[in-house]
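When reading the values below, keep in mind they use all heavy atoms of this one structure, side chains included, and skip hydrogens, waters and symmetry mates.
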Amino acid sequence: MKFSKKIVGLLGVAATAVLLAACGNSSSNNGKTITVGASSVPHAEILKHVQPELKKEGIDLKIKIFQDYVMPNKALAGKELDANYFQHVPFLKQWNKENNGTLVNAGGVHLEPIGAYSKKVKNLKDLKDGATVLVSSNTPDYGRVLTILKDAGLIKVKKGIDITTANFSDITSNPKHLKFKRSYEPKLMPELYKNNEGDVVFINANYAVQAGLDPRKDSIALEKKSSPYVNIVAVRKGDQNKPAIKKLLKALQSKSTQQWIEKHYKGAVLPAKTF
């Protein structure tokens, strides 16, 4: 009899544990906790800024930091993340094309102006004939680089081309015979600049800031605010309508957050929204 009572008691404990586990899973599945992959600067910092606001909305925001541009989309597609925040639309389009992906843009947050840095000249127009220009291997950024060089009067590109898909093969005029080297990982560009390699080095703002550079003061040319390369929150197709994702975007795009971005990064990171 005592043995039977012990078995019943154990079964009761087990049932309670299963019930609690089920409740826990339900909480996770209903979107109260979301995990967002992000680059450390400025993306993770901006996400940390909105964590308290989301907490008030009943959303527990978890942030997973990535140090490259390769893994975040793989992790999102593999359902290891609920969203990621590190890329612009041209990058997302190319990734979807190359990986048969269906990730979508849930909304824009900020612009990280790519810049030209040099220890040899103070203006792009001062580059000598045959100068070497170092660019990362991140193809979606090529249009940004070409735009800066074109605006400086150093090159011309094919008329009517979509600049977001432009490549160096689209250059129609290069009177200074600039030499382009573009085999480097984006995160290595600040190191190349500090080592005085090449005549000019193009660096994404997030990696520039991480390396202690101030894009406004240290670059010799900087991407304009009108650039189409706004950094976005990406999600799996259909998830952009989930309440938790909508609350995340509302917090990131709020007037207070956009003003915080402008004030905190002092122009090195630009808010996507105007107010």
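For the pair T102/R236, no side-chain contact is recorded, criterion being any heavy-atom separation below 4.5 Å from C-beta on. In this structure the side chain of E223 never reaches within 4.5 angstrom of the side chain of T147, judged on heavy atoms. Side-chain contact check for L103 versus N96: some heavy-atom pair is nearer than 4.5 Å. Contact check for F202 versus S136: no side-chain heavy atoms found under the 4.5 Å cut-off. Considering only heavy atoms from C-beta on, K119 comes within 4.5 Å of Y193 through its side chain. The side-chain heavy atoms of N99 and N73, taken from C-beta on, include no pair separated by under 4.5 Å. Looking at L249 and V233, their side chains come closer than 4.5 Å, going by heavy atoms from C-beta outward. Taking the side chain as every heavy atom from C-beta outward, K128 and K120 never approach each other to under 4.5 Å.
When only modelled atom types and interatomic distance are considered, D162 and T164 share a side-chain donor-acceptor pair under 3.5 Å. No hydrogens or angles considered: a donor-acceptor pair under 3.5 Å links the side chains of N204 and D141.
L222 and V269 end up in different hydrophobic clusters when Ile, Leu, Val, Met, Phe, Trp and Tyr side chains are linked at under 4.5 Å. Residues L124 and I114 are members of one and the same hydrophobic cluster, defined by side-chain heavy-atom contacts under 4.5 angstrom among Ile, Leu, Val, Met, Phe, Trp and Tyr. There is a path of hydrophobic side-chain contacts, each under 4.5 Å, that joins I148 to I171. Residues I34 and V109 share a single hydrophobic cluster, defined by chaining ILVMFWY side chains whose heavy atoms lie under 4.5 Å apart. A single hydrophobic cluster is not seen to contain both L127 and M189; linkage of ILVMFWY side chains at heavy-atom distances under 4.5 Å, directly or through other members, places them apart.
For N100, the CG atom sits in a loose shell: 12 or fewer heavy atoms of surrounding residues, nucleotides or ligands are nearer than 6.0 Å. Under a cut-off of 6.0 angstrom, the local environment of NZ in K74 is sparse, with at most 12 non-hydrogen atoms contributed by other residues, nucleotides or ligands.
Rounding to the nearest 0.5 Å gives a distance of 9.0 Å between CG of L92 and CG of L76. Rounded to the nearest 0.5 Å, atoms CD1 (I245) and CG (D239) are 6.5 Å apart. Expressed to the nearest 0.5 Å, how far NZ of K263 lies from OG of S256 amounts to 12.5 Å. Summarising the geometry, atom NZ belonging to K187 is positioned 12.0 Å from atom CG belonging to N206; distances are rounded to the nearest 0.5 Å. Once rounded to the nearest 0.5 Å, the distance linking NE2 of H88 with CD of Q94 reads 9.5 Å. In this structure, the separation between NZ on K237 and CD on Q240 is 8.5 Å, given to the nearest 0.5 Å.
Shown here for D129 and P175, the closest heavy-atom pair between the two residues is OD2-O, 3.8 Å. The shortest non-hydrogen separation linking I63 to Q51 is CD1-NE2, 3.8 Å. Between P215 and L213, the closest heavy-atom pair is CD-O, 3.4 Å. Looking at every heavy atom in both residues, D199 comes nearest to S118 through O-OG, 2.6 Å. Contact record, E53 with S254: OE1-OG, 4.4 Å, taken as the closest heavy-atom pair. Of all heavy-atom pairs between P72 and N84, the closest is O-ND2, 3.2 Å.
Considering only residues two or more places apart in sequence or on other chains, A166 meets the side-chain contact (heavy atoms from CB on, under 4.5 Å) condition with L146, I161, I163, D170. Listed by chain and residue number, Y142, F180 satisfy the ring pair (Phe, Tyr, Trp, His ring centres under 6.0 Å) test with F168 (two or more places apart in sequence, or in another chain). Remark: Y85 pairs with H43, H110 by the ring pair (Phe, Tyr, Trp, His ring centres under 6.0 Å) rule, at least two apart or across chains.
Using a distance-only test at 3.5 Å, with no hydrogens or angles considered, a donor-acceptor pair links the side chain of Q253 to the main chain of G108. With K247 contributing its side chain and I59 its backbone, the two residues share no donor-acceptor pair below 3.5 Å. Remark: side-chain polar atoms of K64 are not paired, donor with acceptor, to backbone N or O of E80 under 3.5 angstrom. Of the possible donor and acceptor atoms, one in the side chain of S137 sits under 3.5 Å from a partner among the backbone N and O of Y184. Although no hydrogens or angles enter the test, the distance criterion places no donor-acceptor pair under 3.5 Å between the side chain of T35 and the main chain of K62. The closest donor-acceptor contact from the side chain of E112 to the backbone of A205 lies at 3.5 Å or more, if one exists at all.
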Practice problem: Check step by step if side chain to side chain contact (heavy atoms under 4.5 Å, CB included) holds for Q210 and Q67. | Solution: CA-CA 11 Å; Q210 280 180 249; Q67 299 299 339; 4.2 Å; yes
Quiz prompt | side chain to side chain contact (heavy atoms under 4.5 Å, CB included) evaluation trace for K250 with E57 | solution = CA-CA 11 Å; K250 183 179 179 181; E57 294 287 330; 5.7 Å; no
Practice problem: Quick one: do Q259 and K255 satisfy side chain to side chain contact (heavy atoms under 4.5 Å, CB included)? Show the steps, please. | Solution: CA-CA 6 Å; Q259 287 178 329; K255 183 176 180 180; 3.4 Å; yes
Self-check item: Stepwise side chain to side chain contact (heavy atoms under 4.5 Å, CB included) check, D60 with K32
Solution: CA-CA 6 Å; D60 183 14; K32 289 184 179 179; over 6 Å; no
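Aromatic ring pairs are classed by plane angle as parallel below 30°, tilted from 30° to 60° and perpendicular above 60°; the pair F91 and F86 is perpendicular.
Looking at I46, L270, L111, L252 one by one, the single match for side-chain contact (heavy atoms from CB on, under 4.5 Å) with I261 turns out to be I46.
Taking a cutoff of 4.0 Å between a charged side-chain nitrogen and a carboxylate oxygen, K242 and D82 do not qualify as a salt bridge.
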